[in-house]
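Heads up, the thing below is written out as structure tokens.
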Amino acid sequence: MAAPPAREPGFSTRAIHAGQEPDPTTGAVMTPIYQTSTYAQEALGRNKGYEYARTHNRTRAALEANLAALEGGRHGLCFASGLAAANTLVMTLSAGDHVVAGNNLYGGTYRLFEKVLRRLGLAFTFVNATDVKAIEAALTAATRLVVVETPTNPMMQLTDIAAVAALTRPRGIKLVVDNTFMTPFFQRPLALGADVVLHSVTKYLNGHSDMVGGALVTSDDRLAEALRYLQNAAGAVPGPMDCWLALRGTKTLAVRMERHERNARALAEHLARHPRVSHTHYPGLPSHPQHELARRQASGFGGMISFVPGDGSLEAGRCVFDRFRLFTRAESLGGVESLVCHPASMTHASVPREDRLAIGFADGLLRLSVGIEDLEDLALDLDQALQSL
Ligand SMILES: *Cc1c(COP(=O)(O)O)cnc(C)c1O
């Protein structure tokens, strides 16, 4: 009888098993934390393939294989932070090369590009990445990368990944998608035509707010080789303990993301109906201007919401922000605990007020990273905070 057709393991199975064979020396089921900087050599020029831990670490390699399997890419590379991943990626370029990026990128990525890498002779153009024509108009003969984040932070605007890939692919430009907000559980940019996926592992992939890390995933062999070289040559590698924490995190990614989303959808609908809220930004709401695109390119809408309390003034935002009891007032996102952030004074303090207001980013806008607590408790906290208005 013919063997049954091979089935690609599903997402949750890959999350738990990919990259993680039992340890060959002891059979340890969980990948050990290889907390070593160097490896013994048997004889001159003879070793087990491991020489120094900046270059090779098995805990890191397990996480890299795991993340590659989740994004559906051939190669994964891990870094000390999301920004270290972005920095290493841009180091594949040379002075004079040009990058087109979304104008609502994560603030740290914008700062890295604009304040650090521009000085080194790279050129950056920031465009409204919801508008594929604006991206096309910004491409030049020197453009090497297009970098987008979808959805963006905190306005939850989307970029049509397949439409942008149709522009970049024939021109030999690499499309990079920061998939931190959606995670591969909901969105697989490589399958939509992107060349590289960027992650802040700090957020949902790790999911427990207890480490900082970054990753790149690609199926482009030549690019992966260049990145592997730079990972070692520039050296922004993560430590094995942090890789182990992230591996523990990805095992529950599927169940966490389902619950983050279930809670976020319910809270977004609640906020959208609330008399003391003037606007709610969530791609899962039919009122979101790109709701159809969200449905088309992702299998869910994620756990991030932003909303405008009252008249949108700083006072209204402050009033509600200061009243939260269960939502913790903090930057960052993607952990099991719910957080509330005031982007204008925290994550986006460096963005000029006029630029914010131009995209509808009100002074009092608040952003929620909806955790996996009981929905009823989260809704009660939100309601009592809004009562302060
Ligand atoms: C946090 C974040 C980053 C930066 O990652 P770090 O791990 O903090 O360096 C990049 N992109 C997005 C969307 C983020 O949320």
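One-based numbering, in listed order, for ligands and for the atoms of each. Here the structure is a predicted model, which is why all the values come from computation and not from measurement.
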Between His291 and Phe301, ring centroids under 6.0 Å =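 Yes - the distance between ring centres of His291 and Phe301 falls below the 6.0 Å cut-off.
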Ion pair check, Glu225 and Arg228, cut-off under 4.0 Å =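 Looking at Glu225 and Arg228, the cut-off is not met.
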Identify whether the distance between the nearest side-chain nitrogen and carboxylate oxygen of Glu64 and Arg60 falls below 4.0 Å.
->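 A salt bridge links Glu64 with Arg60.
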Pick from Leu83, Asp178, Thr150: the one approaching atom 12 (C) of ligand 1 most closely through a non-hydrogen atom =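 The nearest heavy atom belongs to Asp178.
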Phe181 N/O under 3.5 Å from ligand 1 N/O |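 For ligand 1, there is no N or O atom that lies under 3.5 Å from one belonging to Phe181.
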N/O of Ser200 under 3.5 Å from N/O of ligand 1, yes or no?
->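 Checking ligand 1 against Ser200, an N or O pair does fall under 3.5 Å apart.
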If hydrophobic clusters are built from ILVMFWY residues whose side chains come within less than 4.5 Å, do [X] and [Y] share one?
X      : Y      : answer
Phe79  : Leu70  : no
Val197 : Tyr106 : no
Leu145 : Ile161 : no

Which ligand 1 atoms does [X] reach within 4.0 Å, using its non-hydrogen atoms?
X      : value
Glu149 : 13 (C)
Gly213 : 7 (O)
Thr202 : 7 (O)

Nearest non-hydrogen protein atom, [atom]:
atom                   : result
atom 1 (C) of ligand 1 : Lys203 NZ, 1.4 Å
atom 6 (P) of ligand 1 : Gly82 N, 3.3 Å
atom 4 (C) of ligand 1 : Tyr106 CE2, 3.4 Å

Gap between atom CD of Gln20 and atom OG1 of Thr250 - 0.5 Å precision |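 CD of Gln20 is found 6.0 Å from OG1 of Thr250.
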